[in-house]
A.B. asks: 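What follows is a single structure, and I will ask about it in a moment.
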Amino acid sequence: MFPFRGVDYMDIDSLFSEQERLVRQTTRQFVEDRVIPIIERHNREATFPLHLVRELAELGFFGANLSGYGCAGMSNVEYGLIMQELERGDSGLRSFCSVQGALVMYPILTFGTEEQKQHWLPRLQNGTALGCFGLTEPDFGSNPAGMRAVAVRDGSSFILNGEKTWITNGSVADVAVVWARLDGVIRGFLVEKGTPGFKTSDIHGKWSLRASITSSLSFQDCRIPEENLLPGARGLKSPLSCLTQARYGIGWGAVGAAMACYDTARQYTILRKQFHDRPIASHQLVQNELAWMITEITKAQLMALHVGRLKDAGKADFSHISMLKRNNVWMALETARRSRDLLGANGITDEYPIFRHMCNLETVKTYEGTHNIHTLIIGEKVTGVSAYV
Amino acid sequence: MKIIVCLKQVPAKDSVLRIDEGGQWVKEADLTWEVNEPDAFALEEGLRLKEKHGGEVVVLCAGPPRAASAIREALAKGADRGIHIEDEALGRADTFTAARAMAAAARAESPDLILTGLQSDDFGYGQTGVILAELLGLPHATIIMEVEKRDGSIKVKRELEAGWFQYVEMPLPALLAIQSGINKVRYATLMGIKKAKTKELKRLTPAELGVDLEPRQQIRRVYVPQKTKRTHLLEGSPKEAAAKLVEKLKFEARVL
Ligand SMILES: Cc1cc2nc3c(=O)[nH]c(=O)nc-3n(C[C@H](O)[C@H](O)[C@H](O)COP(=O)(O)OP(=O)(O)OC[C@H]3O[C@@H](n4cnc5c(N)ncnc54)[C@H](O)[C@@H]3O)c2cc1C
């Protein structure tokens, strides 16, 4: 198998600037050198390659599309290309960067006080602090509006109680952005590691996103100082606006995972011979699969790029991003399954990256708004009628 | 220390090469391009010397317009400015022509040190650096594995055959042709990529430098090595045949 050289059926590269291509190249090279050689081992052992955090930070990947406080200030298209290349490596790696940038740095930058920004953003950018985002609860996944986590004021602090689960990076985070009701309104709190009453435990036995830490968080009479409330965040739309940022990155990331699967399958089918010493790629049924995949990948690339350009122009709506996330993740999962099939028995081993991507994409389909939930968002957009029942 | 690093853009490694209609070069439209690998090591060495001893790293490239992206990449990694001698014909120029163009631009800079890669991954002549040094009247050394700056001079380690090394002390200014693997090449960071936009990239034409691009050397034909299949029967007893086979695997096929 040859090193990954990208997938570009329609000269989509001509739509990228020189700088955008350089951003992609630097990320691709990093993934090829530093991630590909170790990722299968981390996936087997169910560990995140924490030793890469420093390099990821130095390269500027954390909060790459944010400005100020040490962030790289890249465009949304450049950020998208970074996500694509990271997820070509592994969805867990991309998730790590998504959480740190879109779900932790973004809300602090958008809803935080100047002191919170000064304190946390440079540390989160340079990787000396890690963050997590706690929205989902055991009884409230697709419907976070029902959340039970609650804070009550007590003098100059708040007392927080509740449970969060399925939280990426929960147990390694130095700061958790936790969403809970205060006087009936959903608000965001910065809960620091080591706060008495705050405990984490990791979720084991995952068949998906194995190279990523997923935890449950519990808060029992946790005292949160007043200055750790995010003053600008009020109501469910605040955490949802963070999810819009992260989903946008997923829309690109899924393309990367699909490219990894397709490229592996394409190369494999040309080399693998069956029946009269002919490559399996010469069979029409096999070509049908490859043609389907490259067509879907190309469409997904174009949609990601278009939404990226809209976002850079300040014109991307959350409903655009829902379509991007829904389509591209579905496409990637379908591509992974078809690629797996084309590798036959080899497709089920971790000699090849496909099965890992396929399993990872099951999570990607579920988190950040399930496929169904995005269907409902699109449905509401085109009918004006909400179907969340 | 003012350091010039010469940089060439070449077809990406493991590209699928197809010979063009004229039969004298490969189809360029099919290719993706990258910085010549030994040059990337030379750039890294230049950046490290600058970080340690201060000064400036200037990237010099004699190449077609597409090569500007290779210079930008070098600027993103930390080079201070770039000089691009730009002409479509420089993409396939022979070593003497490329060296003459670069010598004209380098002379105006009066650098303390010029670094080139040992060879380019496309033509593989391994001559450009050496000719450039001769044209500039500078001392040079090749296959450099280590550079140590001293007062007004440098000490370098050269790789010889069979695990042997040679240490040479040289006066400055000088030219070094850097061997791949001398260091660990850095990535362009996002901050570096952003900063590169504001750095100077001077474009010069060969005419402005007073050099003609009349080739001194020509490629007549480019072709794929012809494969021939031959069956060779090893004579003698099984024992003798086995010994011969081992010998062939060792010295001809070089797989043992
Ligand atoms: C590895 C991993 C990491 C995660 N990381 C985080 C994190 O960092 N932070 C965080 O807050 N959360 C995180 N999550 C949680 C994730 O966001 C939720 O799992 C997701 O929102 C779905 O919720 P649920 O699992 O409770 O499924 P449910 O909401 O119970 O949904 C189950 C099924 O029912 C369908 N469904 C539900 N309601 C409807 C409806 N109205 N119409 C049609 N279909 C419907 C869903 O589409 C889905 O198919 C993570 C999840 C995983 C697996």
Side-chain angles (χ1 to χ4, degrees), chain A residues 1-8 11 13-14 16-35 52 54-75 77-79 81-83 85-86 97 101 125-127 266-267 270, chain B residues 7 9-17 28-37 40-41 43-44 47 51 59 61 63-79 82 84 86 121 180-181 183-199 201 203:
Chain A
M1 295 273 150
F2 302 110
F4 181 68
R5 289 256 172 237
V7 172
D8 186 6
D11 197 18
D13 259 19
S14 62
F16 294 121
S17 70
E18 186 182 292
Q19 178 168 316
E20 286 162 350
R21 288 197 295 262
L22 186 49
V23 166
R24 183 183 61 188
Q25 183 197 320
T26 219
T27 317
R28 183 173 293 170
Q29 193 63 46
F30 170 79
V31 169
E32 193 70 24
D33 297 344
R34 310 286 289 138
V35 180
L52 292 180
R54 208 198 149 89
E55 274 178 281
L56 291 165
E58 277 170 6
L59 282 163
F61 292 162
F62 297 148
N65 59 342
L66 307 177
S67 291
Y69 305 93
C71 300
M74 307 314 280
S75 73
V77 169
E78 286 160 341
Y79 171 77
L81 288 166
I82 296 167
M83 297 297 124
E85 294 303 318
L86 291 177
C97 291
Q125 195 288 321
N126 70 22
R266 189 188 60 83
Q267 292 187 34
I270 294 169
Chain B
L7 204 108
Q9 193 184 45
V10 297
K13 275 189 288 306
D14 58 63
S15 299
V16 182
L17 300 177
E28 295 207 340
D30 291 355
L31 299 175
T32 47
W33 301 88
E34 65 186 19
V35 173
N36 181 42
E37 188 178 67
F41 286 101
L43 172 67
E44 180 65 36
L47 294 173
E51 278 156 10
V59 182
C61 171
R66 61 161 165 77
S69 63
I71 304 176
R72 281 271 174 239
E73 186 181 336
L75 296 176
K77 286 186 175 182
H84 187 179
E86 198 184 72
D121 291 339
S180 289
N183 48 39
K184 193 169 162 285
V185 171
R186 72 191 64 189
Y187 302 104
T189 66
L190 300 185
M191 295 76 164
I193 291 171
K194 223 163 165 218
K195 216 165 151 195
K197 262 204 288 212
T198 63
K199 292 182 177 173
L201 202 177
R203 290 194 166 79

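Letters A, B, ... mirror the listed sequences (proteins, then strands); counts begin at 1.
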A.B. asks: As an exercise: rank B:A76, B:A188, B:S15, B:A68 by heavy-atom pairs under 4.5 Å with chain A and give me the winner.
C.D. replies: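 Most pairs with chain A among the choices: B:A188.
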A.B. asks: Would you check if A:Q19 and A:M74 make a side-chain contact, meaning some heavy-atom pair closer than 4.5 Å?
C.D. replies: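 Side-chain contact under 4.5 Å: yes.
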A.B. asks: Let me know if B:K13 has heavy atoms under 4.5 Å from chain A in its side chain, its backbone, both or neither.
C.D. replies: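 Contact with chain A involves both backbone and side-chain atoms of B:K13.
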A.B. asks: Do A:T26 and B:T189 come within less than 4.5 Å of each other through their side chains, counting heavy atoms only?
C.D. replies: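 The answer is no; the side chains never approach within 4.5 Å.
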A.B. asks: With a 4.0 Å cut-off, would you call A:R24 and A:D13 a salt bridge?
C.D. replies: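 Here A:R24 pairs with A:D13 in a salt bridge, since their nearest N and O are under 4.0 Å apart.
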A.B. asks: Less than 4.5 Å to any heavy atom of chain B: does that hold for the side chain of A:E78, its backbone, both, or neither?
C.D. replies: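 No part of it gets close to chain B.
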A.B. asks: Measure distances from A:E18 to the heavy atoms of chain B and classify the residue's part below 4.5 Å as side chain, backbone, both or neither.
C.D. replies: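 The answer is the side chain of A:E18.
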A.B. asks: Does any part of the side chain of B:C61, heavy atoms only, come nearer than 4.5 Å to the side chain of B:Q9, both counted from C-beta?
C.D. replies: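 Of all side-chain heavy-atom pairs linking B:C61 with B:Q9, none is under 4.5 Å.
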A.B. asks: Looking at B:E34, B:K197, B:R186, which has the largest count of heavy-atom pairs under 4.5 Å with chain A?
C.D. replies: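 Top option by heavy-atom pairs under 4.5 Å: B:K197.
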A.B. asks: With a sphere of 6.0 Å drawn around CZ of B:R66, does it hold more than 12 non-hydrogen atoms of other residues, nucleotides or ligands?
C.D. replies: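 Check passes, neighbour count above 12.
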A.B. asks: Can you tell which part of A:R5 gets under 4.5 Å to a heavy atom of chain B, answering side chain, backbone, both or neither?
C.D. replies: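 Side chain only.
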